[in-house]
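Quick note: numbers below take in every heavy atom, side chains included, and nothing from hydrogens, waters or symmetry partners.
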Amino acid sequence: MTMRHHALDITLTRALTPAELHRAAHTMPLAATHDATRFLALVRAKTPAKALNRLRHQIGGRLPIDVITTHYPDPHGQILINITFSPAAHAALKAAAEQTRRPPNLFVQDAIYQALARHADQEADRLDRALQHLLAGTTPPYLLAAFGRALTHTTGAAPC
């Protein structure tokens with residue numbers, strides 16, 4: 001298997017100072033957001049999981065990293081995530097995972113999937129309520145026309 005470059009997103013717990021940013025940039029090439037709380041890095045590794053681990057080991061102790069994720073989904077549409085928990089949080093997760101008879105990584109994966117599914121359901125419900133509120137004061141054709149205008153006049157929208 002050949003070594004490929006993997007694009008990884010780094011989210012920090014706080015913005016970097018100029019000195020920290022300078023040191024981090026000398027460790028490896030990083031593309032920073034305007035507020036220096038998120039970065040994009042290219043890491044050479046055989047797999048995305050190995051790239052996440054390699055990045056964590058290379059700069060993990062030098063930056064206040066919250067989460068590292070793959071920038072692009074894998075062929076199954078999945079984004080890999082690398083989180084380092086405090087010892088207390090890790091112990092609590094391990095205990096909760098043991099109660100469900102699941103390995104900690106699968107327990108966390110399931111919890112994230114459930115939270116994302118809840119969020120998607122809540123967002124769909126919110127949009128349904130908002131749409132019903134709008135439809136109470138107009139007709140579907142007028143609402144659809146207004147929706148089309150809003151989409152085409154949004155700042156940064158691509159022309160149709």
Side-chain angles (χ1 to χ4, degrees), residues 1-133 150-151 154-158:
M1 181 181 265
T2 61
M3 297 280 266
R4 299 182 344 184
H5 284 91
H6 301 276
L8 304 178
D9 284 317
I10 305 164
T11 303
L12 303 178
T13 58
R14 62 172 173 77
L16 294 183
T17 65
E20 289 172 319
L21 183 57
H22 181 75
R23 279 193 305 274
H26 278 75
T27 303
M28 67 176 14
L30 299 169
T33 58
H34 70 285
D35 61 358
T37 59
R38 294 191 61 209
F39 293 86
L40 186 65
L42 287 176
V43 177
R44 192 173 164 98
K46 290 183 179 180
T47 67
K50 288 183 180 184
L52 288 169
N53 289 331
R54 178 168 290 158
L55 178 64
R56 175 75 68 179
H57 290 296
Q58 282 182 334
I59 63 172
R62 300 172 196 200
L63 299 177
I65 295 175
D66 189 20
V67 177
I68 304 171
T69 63
T70 52
H71 185 70
Y72 298 106
D74 68 12
H76 306 288
Q78 303 293 309
I79 298 289
L80 298 181
I81 186 169
N82 180 293
I83 305 169
T84 299
F85 295 106
S86 68
H90 189 268
L93 282 171
K94 188 175 177 182
E98 286 173 357
Q99 289 180 351
T100 63
R101 294 193 167 108
R102 304 273 291 162
N105 63 320
L106 294 180
F107 177 79
V108 170
Q109 178 180 309
D110 291 346
I112 291 171
Y113 285 157
Q114 290 169 10
L116 290 172
R118 270 192 314 275
H119 174 73
D121 289 345
Q122 291 167 353
E123 183 66 3
D125 289 345
R126 184 189 68 78
L127 291 172
D128 286 345
R129 286 190 306 276
L131 185 57
Q132 290 305 317
H133 177 74
L151 287 177
T154 302
T155 305

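If you take CG on Leu55 and CD1 on Ile68, they are separated by 4.0 Å, rounding to the nearest 0.5 Å. The structure places CG of Asp121 at 13.5 Å from CZ of Arg126, a figure rounded to the nearest 0.5 Å. Separating the OG1 atom in Thr11 from the CZ atom in Arg38 is a distance of 4.5 Å, to the nearest 0.5 Å. Atom CG of Leu127 is separated from atom CD of Gln132 by 11.5 Å, given to the nearest 0.5 angstrom. Put simply, CG on Asn105 and CG on Leu93 are 11.0 Å apart, with the number rounded to the nearest 0.5 Å.
The main-chain N or O of Arg23 is found under 3.5 Å from a side-chain atom of Thr27 such that the two form a donor-acceptor pair.
Note on residues 25-63: pairs passing ring-ring contact (aromatic ring centres under 6.0 Å, His included), not counting sequence neighbours, are His22-His26. Listed by first and then second residue, the side chain to side chain donor-acceptor pair (under 3.5 Å) pairs involving residues 91-104 are Arg102-Asp110 (not counting sequence neighbours). Listed by first and then second residue, the side chain to side chain donor-acceptor pair (under 3.5 Å) pairs that reach into residues 77-90 are Asn53-Asn82, Arg56-Asn82, Arg56-Thr84, Gln78-Tyr113, sequence neighbours excluded.
Here the closest non-hydrogen pair linking Ile81 and Thr69 is CG1-CG2, 3.9 Å. In plain terms, the two heavy atoms of Leu16 and Pro64 that are nearest each other are CD2-CD, 3.6 Å. Residues Ala7 and Leu40 approach most closely at CB-CD1, 4.3 Å, considering heavy atoms. When all heavy atoms of Leu80 and Pro48 are compared, the pair lying nearest together is CD1-CB, 3.6 Å. A pairwise comparison of heavy atoms in Ala24 and Leu63 identifies CB-CD2, 3.6 Å as the closest pair. The two atoms that bring Ala97 and Pro104 nearest to each other are CB-CA, 3.8 Å, heavy atoms only.
Contact annotation: the side chain of His6 never approaches that of Leu52 to less than 4.5 Å [non-hydrogen atoms, C-beta and beyond]. Between Arg4 and Arg44 the shortest side-chain heavy-atom distance does not fall below 4.5 Å. Residues Ile59 and Ile10 meet the side-chain proximity criterion, which asks for heavy atoms closer than 4.5 Å. When side chains are defined from C-beta on, Asp66 does not count as touching Leu12, because their heavy atoms never get closer than 4.5 Å.
Applying the side-chain contact (heavy atoms from CB on, under 4.5 Å) test to Arg118 and every residue at least two apart in sequence or in another chain returns Gln114, Ala115. Take Arg14 and apply the salt bridge (Lys or Arg N to Asp or Glu O under 4.0 Å) test, not counting sequence neighbours, and it matches Glu20. Legend: residues meeting salt bridge (Lys or Arg N to Asp or Glu O under 4.0 Å) with Arg129, ordered by chain and number and at least two apart, are absent.
By the 6.0 Å contact criterion, OH on Tyr72 is open, its count of non-hydrogen atoms from other residues, nucleotides or ligands being 12 or less.
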| request: Go through Ile65 and Thr13 one step at a time and tell me if the side chain to side chain contact (heavy atoms under 4.5 Å, CB included) criterion holds. | output: CA-CA 6 Å; Ile65 295 175; Thr13 58; over 6 Å; no
